[in-house]
Amino acid sequence: MLQKWSQTLIPTTREAPNDAELPSHIMLHRAGFIRQVGAGIYDYLPLGWRVINKVSAIVREEMEAAGAAEMLMPALEPFELFKDTKRDETYGDNLFRVKDRKGRMNALAPTHEEVITQLLIGAVTSYKQLPLTLYQIQTKFRDEARPRAGLLRCREFLMKDAYSFHFGVEGAGGLNETYDAMYRAYTNIFTRCGLDFSAVEAESGPIGGSASHEFMVNCASGEDTILKCPASGYAANVEKCEIGDRAHDLGAAPAGDLTEKHTPGMPGIDAVAGHLGVSPSGMLKTIVFKVTGGAAGAPSWVLATVRGDHDVNEGKVKALSGCAVMLAPEAEAKKAGFAIGYVSPRVVNTIPGCMLLIDPDATHAGGWATGSDRADHHCVNFNWRRDVGGALDDASKVRVGDVRNALEGDPSPRAAGSRLVTARGIEVGHIFKLGVKYSEAMGLWVLDEKQQRRSVIMGCYGIGVSRTMAACVEMSHDENGIIWPAAIAPYHVLICLMKPDDARQREAAGEIACRLVGEGVDVLLDDRDERPGVKFKDADLVGIPLRITIGDKSLEQGGVEFKHRADTGKARLVPTGDVVGVCLEGLRTGV
RNA sequence: CGGGGUGUAGCGCAGCUUGGUAGCGCGUUUGACUGGGGGUCAAAAGGUCGUGGGUUCAAAUCCCGCCACCCCGACCA
């Protein structure tokens, strides 16, 4: 299609609002793609909306190709819908609540598992109707505690969400088959969008195993940390990343007498380490978790001890302990006797109902510095065997295993001798296996061939469409503006008309535009009566992949100027008759 | 939710300490000169100084409350 600049709204600005800090936020604002309406709420202006629609179109094609059918569910839902799955509680304050005129509570949907599960109850009753995959592209709402980073973390945003329904997990028509199909579809989508991305293992859903993958746009400013093994190709979010085998030894001999030191007002590792004159890697950090909904015989508390320079990973604590846990509320933990901020592993012997998890890296060496189980005190020369004793040999009380976040340089879990490397990413897609979490909570079942009720097995698959636009800018820009991949650029070609009131130039532009449109190319014609400098600055800012400049200079030489946005050099002269072909070639080879 | 910061013209900012007619740059409008990387000159339009209260003869400025927005942290199926 052809769009005249003068007939749309592209409010470019020299300066971005002071609030904008990230390149994507600054550029999208300055180039006239978005405007902020409130915290985490944005207008999508004509250029921004075109990018969103280009992404959406690719998403639709790949979803349909993967056998999913599009539909649309409401953003506004009765609050009761969230009761069965308890997400009114578990989603907590992130769930937008709206009271209507009759005083009823409603929710603005953060995602649509409940709505679609409700829909399927009654609509699908036989195993013969499965598998089934439905999707929508819809506005989602999350009452984020802190919206930030422009389009990357919004309270209202555009998301593609798909849900699949199955009779089984394995085999034809099973969850795994659709999951794999979605994995391929996502790979196709982000590849076609022209993004540099990684698929990584993510914190798994209720089914466990490697049942979840995130698709991350590779970008140094990304919010998420991912780790990769160069040898095996293993890649995972830091929340999930396993660590290869590490030696451990709880038997080292004491290095000296356990000595208590006064460390007033220093619950943090760095302050204590400085005060005691030891490095954080010579300290032990013990984090207290409360066991939630523990069965009979389960511990009440799970303690995780890691080296002072390491971070405890809650998911790994759950896995190693076999308990559902949450970070212990400070008041509750203090009441139970924990000197929060000054806890040592010795409490496993003094406070009833404790299970202690020890990271392998926290086992070696003789004299550790650690808390003293008394406020404002730490001790030095802690020794596992001497100071914890027999409990170390009781697997119901003490377990050694991976409970910390992986770090650059850690051994790979998939290739002996290989070390993990870190990278940053922006999450734009997430797929995972839900299992029967929603179907059992809400009563979605079908009859099998023996007329037995079977809960439907579900998967769900999301793509942040508006976030993808921002992530792309984050990944692809220079100091002058955005550099769009052709596939999701608002237009493919920008025709820069130097003198819009010059008949010869106007005719040339019209003819080229017409032929490009005939080839299915989207053309933006800058027909504004502006100085060349302004037009070129705006052209770079907006970032259309190809630029044709039409002015007296080139016309007199029988051609027009052609330039890739990504090229830093000067434009080259192309005969007027050839420029359409050159553009098509440029779009074909990618930009 | 804890800590920090900012609200003055469309955008970026000064003015506030020490109360006394609302300022600057960019942008916008009009005209002229220009015409290949945000040009020059001239004239002009545009502001309940976030909001409510208080102090005062007088408040953008001092005091109190509230709201909005941003950053760090916590949080993020």
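Convention: sequence-line order gives letters A, B, ...; per-chain numbering from 1.
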Rounded to whole angstroms, how far apart are [atom1] on [X] and [atom2] on [N]?
X       : N       : atom1 : atom2 : answer
R30(A)  : rG10(B) : CZ    : C1'   : 15 Å
K537(A) : rG38(B) : NZ    : P     : 7 Å
L152(A) : rC70(B) : CG    : P     : 13 Å
L541(A) : rG37(B) : CG    : C1'   : 13 Å
R14(A)  : rU28(B) : CZ    : C1'   : 13 Å
I10(A)  : rC11(B) : CD1   : P     : 20 Å
N18(A)  : rU8(B)  : CG    : P     : 10 Å
R528(A) : rG38(B) : CZ    : C1'   : 11 Å

With heavy atoms under 4.0 Å as the rule, sort [X] into base, sugar-phosphate or nothing.
X       : answer
A20(A)  : nothing
D502(A) : nothing
R35(A)  : nothing
A571(A) : nothing
E113(A) : nothing
E223(A) : nothing
D93(A)  : nothing
A39(A)  : sugar-phosphate

Of the options [options], whose atoms approach the side-chain atoms of [X] most closely?
X       : options                   : result
D538(A) : rG36(B), rA74(B), rG38(B) : rG38(B)
E530(A) : rU28(B), rC75(B), rC71(B) : rU28(B)
T12(A)  : rC11(B), rG38(B), rA77(B) : rG38(B)
D19(A)  : rA77(B), rG36(B), rC70(B) : rC70(B)
A145(A) : rG12(B), rA77(B), rC75(B) : rC75(B)
R146(A) : rA77(B), rG73(B), rG37(B) : rG73(B)

Determine the interatomic distance between [atom1] on [N] and the same-named atom on [M]; round to the nearest Å.
N       : M       : atom1 : answer
rG19(B) : rG54(B) : C1'   : 15 Å
rG7(B)  : rG53(B) : P     : 22 Å
rG47(B) : rC64(B) : C1'   : 26 Å
rG46(B) : rA9(B)  : C1'   : 6 Å
rU30(B) : rG37(B) : C1'   : 27 Å
rG36(B) : rC41(B) : C1'   : 22 Å
rA59(B) : rC16(B) : C1'   : 10 Å

Mate of [N] where both pairing distances stay under 3.5 Å, Watson-Crick or G-U:
N       : answer
rC1(B)  : rG73(B)
rG65(B) : rU51(B)
rA42(B) : rU30(B)
rU17(B) : none
rC24(B) : rG12(B)
rU56(B) : none

- Heavy-atom nearest nucleotide on RNA chain B taken for H430(A) and for R155(A); more 5' hit belongs to R155(A)

- Item | E427(A) vs G40(A), nearer the 5' end of RNA chain B by closest nucleotide | G40(A)

- Message: In the structure I gave you, are the side-chain heavy atoms of R30(A) and T12(A) within less than 4.5 Å of one another anywhere?
- Response: no

- Note: R14(A)-D538(A) ion pair, threshold 4.0 Å (strictly below): no

- Salt bridge flag under 4.0 Å for residues E113(A) and R87(A): yes

base_contact_polar ([N] base, [X] side chain, donor-acceptor, <3.5 Å):
X       : N       : answer
D552(A) : rG36(B) : no
R547(A) : rG37(B) : yes
R531(A) : rG38(B) : no

- Measure up the F215(A) and F190(A) rings against each other and bin them: parallel (under 30°), tilted (30 to 60°), perpendicular (over 60°). tilted

- Query: For Y179(A) and H213(A), does a side-chain donor sit closer than 3.5 Å to a side-chain acceptor?
  - Reply: yes

- In this structure, are over 12 heavy atoms from other groups packed under 6.0 Å from D43(A) atom CG? yes

- Residue pair M27(A) / I482(A): nearest heavy atoms and the distance that separates them: CB-CG1, 3.7 Å

- Message: Tell me if the centroids of the rings in H430(A) and F432(A) come within less than 6.0 Å of each other.
- Response: yes

